[in-house]
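Only one structure is covered here, and it is reproduced in the block below.
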Amino acid sequence: MLRSCFNRYLTAMFCCVTLFGASASQAEQIVVYSARIEQLIKPMFDAFTKDTGITVKFVTDKEGPLLARLKAEGKNTPADMLITSDAGNLWEAAREGLLRPVESKTLEANIPSYLRDPQNRWFGLSVRARPIVYNIEKVKPSDLSTYEALAEPEWRGRLCLRTSKKVYNQSLIAMMIAEHGEARTEQIVKGWVANLATDPLSDDTKAMEFVAAGQCDVTLVNSYYFGRLMEKNPSLPLAIFWPNQGSSGVHVNISGAGVTRHARNAGAAVKLLEFLSSEKAQNLFADVNMEYPANPGIKSSPVVAAWGTFKQNPINVTTAGELQTEAVKLMDRAGWR
Ligand code: FE
């Protein structure tokens with residue numbers, strides 16, 4: 001244990017946590033690697049510990065470093081569970097053999113099949129929707145219809161987009177490839193690029209700030225960023241439009257989790273996964289970041305519910321991983337920087 005603590009992949013913080021955990025008590029404990037930040041996971045872990053007596057130690061970092069670490073640690077990993085905020089990353093972890101299949105009637109009942117791995121190596125725990133946000137002083141909802149229609153010439157010089165480097169846009173395009181094929185999707189993306197009012201922006205919030213300032217009229221963002229921005233500045237002239245309601249539905253992604261292949265305490269990790277899919281945790285898990293519960297039996301928070309109900313695209317989110325490489329190449333060909 002001591003030796004492994006000097007392993008260069010382990011941070012000083014984690015070393016202390018592990019030593020403490022080993023010497024503290026016989027209480028059951030699991031270790032989670034999480035790409036969701038502490039404030040978005042700790043309330044659920046605390047509730048789980050209260051219910052079960054199982055303590056949860058966690059390490060937070062970006063997805064890339066967490067996956068690299070899991071891979072490098074191999075059999076010696078202390079991690080029992082991986083949490084990420086995009087299906088593409090969970091798909092990648094599963095493809096690398098870092099996660100194990102979990103057979104659980106509870107998870108199958110709580111999480112719809114399109115929000116989990118067909119081989120049950122990971123499960124969506126909250127839904128993140130990527131709708132259109134528009135300037136209410138310049139656009140009427142009746143002007144809007146679909147993602148695809150934003151490629152039409154009437155939107156010339158009126159669209160803002162976040163950079164194509166962000167996995168959220170890569171996932172969106174991967175899903176569009178699954179729906180339309182590469183040729184049609186490339187045509188649509190080229191139309192978007194032709195309609196850009198400005199170079200692609202670094203993040204969703206900046207894109208909405210450009211829309212609010214009148215530098216463009218519409219953009220595509222994850223709805224929780226809209227929620228955060230409007231909470232800070234309720235007078236901004238922005239609103240959400242739910243596109244594709246007469247066709248494929250709104251593009252959704254997930255944050256979710258899987259049990260690691262080399263988990264030392266897989267049983268307790270499955271318990272945590274089941275707990276996170278339950279009514280008690282689903283409210284918390286989605287609400288802390290203004291996301292949507294993955295469990296369709298659970299209502300959204302009042303703030304989120306006020307944005308309206310919408311049909312989700314029911315295509316399996318695993319597509320975001322499977323077609324990610326194609327999506328990145330396509331966006332590059334279409335000139336989306
Ligand atoms: Fe985000």
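In this chain, residues are counted from 1 in sequence order. Remember, it's 1-based here, ligands and their atoms both numbered in the order they're listed. What you see is a predicted model; the values in this text were computed from it and never measured. All values below were derived from every heavy atom in this structure, side-chain atoms included, with hydrogens, water molecules and symmetry-related copies excluded.
Relative orientation of the Tyr225 and Tyr168 rings is tilted, given thresholds of 30° and 60° on the angle between their planes.
In this structure, Phe241 has its ring center no closer than 6.0 Å to that of Phe310. The aromatic ring centroids of Tyr33 and Phe58 lie 6.0 Å or more from each other.
Around the Fe ion (ligand 1), protein N, O or S atoms at less than 2.8 Å comprise Tyr168 OH, Tyr224 OH, Tyr225 OH.
A donor-acceptor pair under 3.5 Å links the side-chain atoms of Asp80 to the main chain of Val31, judged by distance alone.
The side-chain contact (heavy atoms from CB on, under 4.5 Å) search around Glu137 returns Asn135, Pro237, not counting sequence neighbours.
A 4.5 Å side-chain heavy-atom check between Ser223 and Arg128 finds every atom pair outside the cut-off.
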